[in-house]
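This report refers to the structure that appears directly beneath it.
Just so you know, ligand 1 is whichever comes first in the structure, and atom 1 is the first atom listed for that ligand.
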Amino acid sequence: MKVLLVGSGGREHALAWAISKSPKCEKLYCAPANAGIAACAESVNIGAEDIDALVAFAKENNIDLVVGGPEAPLVLGLADKMLEIGIPTFGPNKAAAQLEGSKGFMKDVVAKYGVPTAAYGRFTDFAAAKKFIEDTPSKVVVKTDGLAAGKGVIMCEGKEDAIAAAKGMLEEASFGTAGAEIVIEEFLDGEELSYFAIADGKSILPLTSAQDHKRAYDGDQGPNTGGMGAYSPAHLMTPEIEAKIIKDIIEPTVEGMNKDGIPFTGVLFAGIMVVNGEPKLLEYNIRFGDPECQPIMMRLEDDLLDILYAAATGTLNTIKDVKWSNDTTLCVVMAAQGYPGSYEKNTPINNLEEASQTEGVQIFHAGTAEKDGQILSTGGRVLGITAKGQSVEQAQKRAYAAIEKIEWEKGFCRTDIGWRALKAEKDQAA
Ligand code: AMP
Ligand code: GLY
């Protein structure tokens, strides 16, 4: 099979690493790749959002499967265009991608099909939004309908804050067009985890859980980021919660969307709040998480290409069960100093080869390029040092042992990735 993977981050490196291990993978291309991906795929110099150029490349090179990594090309219609020329594509079409692209769309779909989620309202008119806030007994969360680079969610302590947030979004365009429509939700108090499942339009294949660390600094302090680390499985996950997520959240969503004529193909990344043991849906993303994908791919003991191809061709029912390692995997992100604010680019990184020899460790590149044999940083999040261990403690130790060996003066990482899981593991042992 000839495969074209779209995207250039740490998630895509993990996907490329897993796809390239498949005996059925004859050729793997990645557009636009990074220095790490280039070691397991042929790099194609086309931007992830240049849909027309990607379609032309896929046609010329007789691609058998296209895999969409990030949400942007999918929201722009990557799958629609590939399917028009008959190329199976892993990832939703433009209509189904609204599940991530529009919070209002997502809430309407799941509410219609009885999925447990926070009570909500959709608004374009400020007076109506204000009344909804005043009439809601609990604290509320105010969200832009559209994508706002992960920043369009405001947790409000009091009614005044909530009213000000709604006014800013609706009347002062504080988030541009993303906030021209908003969703106001009841605040859910609980513990978060993420769950991943694959869909082929009709049926689903449950994958596994993960948990990330969104804040920049130790102790989950500091500004929000795309994710400074993640581990799998999530320590809060139990067989009971997983069964409820599959039966009450993922299945009704996929069945409902199919019934509504918007079948979903690709990966559903569900943000879940567990409230008194009951999982409730916070949000859906239509892609693997980054960095969640890195530890998930390291736990996968099956052929990823088989799974992605079955989903893209509507034959997911041919895949029975996915095999997962019982080990814990944990990814620590190394970022450029200053991230998520401004940071320097093109700073040299050395000794990656030796660091990657650390037992149980795989280094996934996110923002790197190679110039004259030197690895340079090219982004905010730059590397994902991912380790496998028989315990959270062992996985964490291995990841940080590898990081010790990496020579990158202008980089930093959190020193406590997995701390909640580690604490739970220690409490359990005590
Ligand atoms: P979202 O992008 O909708 O998942 O929101 C981002 C983050 O905001 C989530 O990961 C939660 O931590 C928090 N959040 C969103 N909605 C709610 C809610 N209804 N109740 C409590 N926290 C929420
Ligand atoms: N790590 C969070 C995300 O990928 O959205």
Gln390 atom CD, over 12 foreign heavy atoms within 6.0 Å: no
Ring-face cation contact, Trp17 with Lys21, 6.0 Å cut, 45° max: yes
Salt bridge (charged side-chain N to carboxylate O under 4.0 Å, His left out) against Glu404, all qualifying residues, sequence neighbours excluded: none
Test salt bridge (charged side-chain N to carboxylate O under 4.0 Å, His left out) applied to Arg11 - qualifying residues, sequence neighbours left out: none
Neighbouring protein residues of ligand 1 - any heavy atom closer than 4.0 Å: Lys103, Ala118, Val141, Lys143, Val153, Met155, Glu185, Glu186, Phe187, Leu188, Glu192, Lys214, Met273, Leu282, Glu283
Parallel, tilted or perpendicular, as decided by the 30° and 60° cut-offs, for the rings of Phe412 and Tyr217: tilted
Mutual orientation of the aromatic rings belonging to Tyr231 and His213 [parallel < 30°, tilted 30-60°, perpendicular > 60°]: tilted
Salt-bridge present ([X], [Y]; N to O < 4.0 Å):
X      : Y      : result
Lys214 : Asp212 : yes
Lys103 : Glu181 : no
Glu240 : Lys244 : no

Near ligand 2, at a heavy-atom separation below 4.0 Å: residues by chain and residue number: Asp212, Gly226, Phe269, Arg287, Gly289, Asp290, Pro291, Glu292
